[in-house]
> 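Before we start, here is the structure in question, set down as structure tokens.
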Amino acid sequence: MKILPFIICALFLLSCKKEKAPSTPTANTSIPTTVGSYWIYECNDRDVNGVITPMGITDTIRIVGDTLIGGNTFITYEGTNYGYNPTRWYHRDSSGYVINQNSEIQYTTLNNYDTLFSYVESNVYTIDRIMFPTNGTTISVPAGNFNPVDYQIHCRKLNQQPFSGCGTDVYIAHNYYVPSIGLIMSNTIFFNQLESTCNDRVRVLKAYHIE
């Protein structure tokens, strides 16, 4: 089964050699930068009617350091993704846009409409990654109530036919980010579920600590 990509950093497993002792990240960044900061997520299954079933899986993500890549300081994260083996990935803030070590925009903490990029997956689906303003909408998770930005991933078929399982021609994954805190809620789906049940998965922030 192949899972619809969603901008959870744990998907980026890369090995980068540290060139030299990195400089200290700037203090005005919109993402946490300090070692010891962590996020704990509850993982759930959700059916097409919105009924939530706990998976019994908890993911933990930590900042474990920083590294210099291409002359820029990147924050090093380590954690699990729906219980899969821990991986590491690298992000930095670039004027409110969070990018990885390949200069690819991962999301933005700016509360405005912005199409980040689009691409074709497996010659079957078109994927559009779009930031949407939430206009003060409150999202409640176990860790608290927040006013996030909404990073949406729109999945459609190239042949413009609807998904059998969902009954719609588009599946939208929501990823809610709070500036200076991070991801508080996200959902994702396996491609084959789009043609079967349309059941997806949801991660919600249970607890966090920012150093």
Side-chain angles (χ1 to χ4, degrees), residues 1-12 38-62 77 79-87 106-107 109 111 113 116 121-122 124-179 181-209:
M1 295 186 294
K2 191 166 187 179
I3 196 169
L4 173 62
F6 66 109
I7 198 63
I8 254 311
C9 44
L11 297 180
F12 295 93
Y38 64 83
W39 300 260
I40 300 174
Y41 296 92
E42 295 177 352
C43 300
N44 305 289
D45 286 314
R46 181 175 61 182
D47 70 17
V48 69
N49 297 313
V51 177
I52 297 290
T53 302
M55 296 175 64
I57 295 173
T58 299
D59 286 334
T60 299
I61 294 172
R62 302 179 184 277
Y77 298 86
T80 55
N81 179 30
Y82 287 99
Y84 291 104
N85 292 334
T87 61
Q106 304 304 288
Y107 63 92
T109 54
N111 193 22
Y113 178 89
L116 301 184
E121 176 71 30
S122 304
V124 177
Y125 308 101
T126 178
I127 309 294
D128 299 309
R129 298 180 179 241
I130 309 170
M131 295 301 308
F132 279 84
T134 51
N135 299 320
T137 299
T138 299
I139 300 296
S140 298
V141 294
N145 302 317
F146 301 92
N147 300 116
V149 293
D150 184 10
Y151 176 26
Q152 297 183 10
I153 300 179
H154 294 216
C155 179
R156 293 182 174 88
K157 286 183 179 181
L158 287 176
N159 62 13
Q160 300 182 344
Q161 295 298 308
F163 296 113
S164 300
C166 301
T168 60
D169 61 0
V170 59
Y171 169 83
I172 301 176
H174 295 271
N175 302 273
Y176 295 103
Y177 289 91
V178 176
I181 294 178
L183 182 72
I184 63 164
M185 178 187 290
S186 66
N187 64 284
T188 189
I189 196 169
F190 288 99
F191 281 121
N192 65 345
Q193 288 178 311
L194 294 170
E195 300 295 355
S196 55
T197 63
C198 204
N199 295 349
D200 60 9
R201 292 179 176 182
V202 182
R203 296 205 313 175
V204 293
L205 186 64
K206 178 180 180 181
Y208 69 97
H209 172 73

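These figures come from a predicted structure and were not determined experimentally.
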> Side-chain polar contacts of residues 137-144 - donor-acceptor pairs under 3.5 angstrom, sequence neighbours left out - could you list them?
| from | atom 1 | to | atom 2 | distance (Å) |
| --- | --- | --- | --- | --- |
| Thr137 | OG1 | Thr134 | O | 2.7 |
| Thr138 | OG1 | Asn147 | ND2 | 3.1 |
| Ser140 | OG | Asn145 | OD1 | 2.6 |

> Side chains of Phe191 and Tyr125, heavy atoms from C-beta outward: is any pair under 4.5 Å?
yes
> Between Asn49 and Val51 (side chain of the first, backbone of the second, donor and acceptor by atom type, cut-off under 3.5 Å), is there such a pair?
no
> Only counting residues at least two apart or in another chain, list the ones meeting disulfide bond (SG atoms under 2.5 Å apart) with Cys43.
none
> Using the side chain to side chain contact (heavy atoms under 4.5 Å, CB included) rule, pick out the option among Tyr151, Tyr107, Tyr41, Trp39 that qualifies with Leu183.
Tyr41
> With sequence neighbours left out, write down each residue that passes side chain to side chain contact (heavy atoms under 4.5 Å, CB included) with Thr197, or none if nothing qualifies.
Gln193, Asn199
> Which residues pass the side chain to side chain contact (heavy atoms under 4.5 Å, CB included) test with Val149, sequence neighbours left out?
Asn111, Met131, Tyr177
> Can you confirm whether more than 12 heavy atoms, excluding those of Lys206, are under 6.0 Å from its NZ atom?
no
> Could you check whether Arg203 makes a cation-pi contact with Tyr82, meaning its NZ or CZ is under 6.0 Å from the centre of the six-membered ring and within 45° of the ring axis?
yes
> Please identify each residue that fulfils salt bridge (charged side-chain N to carboxylate O under 4.0 Å, His left out) with Asp45, with sequence neighbours left out.
Arg201
> Do any pairs count as a salt bridge (charged side-chain N to carboxylate O under 4.0 Å, His left out) and have a residue in residues 135-151, sequence neighbours left out, and if so which ones?
none
> Taking only residues two or more places apart in sequence, or in another chain, which ones meet Tyr38 in a ring-ring contact (aromatic ring centres under 6.0 Å, His included)?
His209
> side-chain hydrogen bond (donor to acceptor under 3.5 Å, both in side chains) with Asn44: which residues, sequence neighbours excluded?
none
> If you define the side chain from C-beta out and look only at heavy atoms, does anything of Asn81 sit under 4.5 Å from Thr87?
no
> Who passes side chain to side chain contact (heavy atoms under 4.5 Å, CB included) against His154, sequence neighbours left out?
Asp128, Ile130, Phe132, Gln152, Arg156, Val170, Ile172
> Mind checking what makes ring-ring contact (aromatic ring centres under 6.0 Å, His included) contact with Tyr208, not counting sequence neighbours?
none
> So, taking the atom named CD1 in Ile57 and the one named CD in Glu42, what distance separates them when rounded to the nearest 0.5 Å?
12.0 Å
> Please output the side-chain donor-acceptor pairs of residues 158-165 that fall under 3.5 Å, not counting sequence neighbours, one pair per line with the distance.
| from | atom 1 | to | atom 2 | distance (Å) |
| --- | --- | --- | --- | --- |
| Asn159 | OD1 | Gln161 | N | 2.9 |
| Ser164 | OG | Glu195 | OE1 | 3.0 |

